[in-house]
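Report on the structure given below.
Quick note: residue numbers are just sequence positions, from 1.
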Amino acid sequence: MTITELLVLFLVASGTFFAFVAVVGIIRLPDLYTRAHATSKSDTLGILLTLGGVALVFGADLAVLKTVLLALLLFVTNPTAAHAITRAAYDQEITPWTADDATPTTEGEE
């Protein structure tokens with residue numbers, strides 16, 4: 001394997017990892033606000049890393065310019081959309097999860 005192939009493999013694997021972290025965040029976190037935070041950060045980083053790997057595969061071509069423009073668009077719109085969604089939830093008076101909302105567990109119970 002060449003260094004370029006290893007770098008592409010690393011970028012795509014890292015992007016896949018961060019996309020997986022975003023999915024776990026959606027499943028495991030308790031409310032809309034924390035889920036939006038987890039997905040906007042992890043998903044954006046995962047997409048950018050994966051698109052970086054795609055750009056390396058294409059080399060110097062018009063497709064690389066399109067990939068960079070797509071990455072720039074996603075870099076701006078993903079956090080903006082997450083902010084808009086959480087702002088709309090706040091305006092609808094959806095309360096954030098607090099530690100008081102957690103159900104107490106008895107000793108020995110998980």
To the nearest 0.5 Å, how far apart are CZ in Phe18 and NZ in Lys41? 13.0 Å
Is there side-chain contact between Thr44 and Leu74, with heavy atoms separated by less than 4.5 Å? no
Backbone N or O of Tyr90 within a donor-acceptor pair of the Tyr33 side chain at under 3.5 Å? yes
For the side chain of Thr86 and the backbone of His83, is there at least one donor-acceptor N/O pair under 3.5 Å apart? yes
May I have the step-by-step check of side-chain contact (heavy atoms from CB on, under 4.5 Å) for Leu9 and Glu5, ending in yes or no? CA-CA 6 Å; Leu9 181 65; Glu5 290 172 340; over 6 Å; no
Heavy-atom count check: over 12 atoms from other residues, nucleotides or ligands less than 6.0 Å from Ile3 CD1? no
Applying side chain to side chain contact (heavy atoms under 4.5 Å, CB included) between Asn78 and each of Asp43, Leu48, Leu45, Leu73, report the one that passes. Asp43
Can you find a heavy atom in the side chain of Leu11 that is under 4.5 Å from one in the side chain of Leu56? yes
Rounded to the nearest 0.5 Å, how far does CG of Leu29 lie from OG1 of Thr39? 9.0 Å
Following the transitive rule for hydrophobic clusters with a side-chain heavy-atom cut-off under 4.5 Å over Ile, Leu, Val, Met, Phe, Trp and Tyr, establish whether Val12 and Phe17 coincide in one cluster. yes
Measure the NZ-CG distance between Lys66 and Asp61 for me, rounded to the nearest 0.5 Å. 8.5 Å
Is it true that Asp31 and Arg35 have a side-chain N and a carboxylate O under 4.0 angstrom from each other? no
Rounded to the nearest 0.5 Å, what separation is found between the OG1 atom of Thr67 and the CG atom of Leu72? 12.5 Å
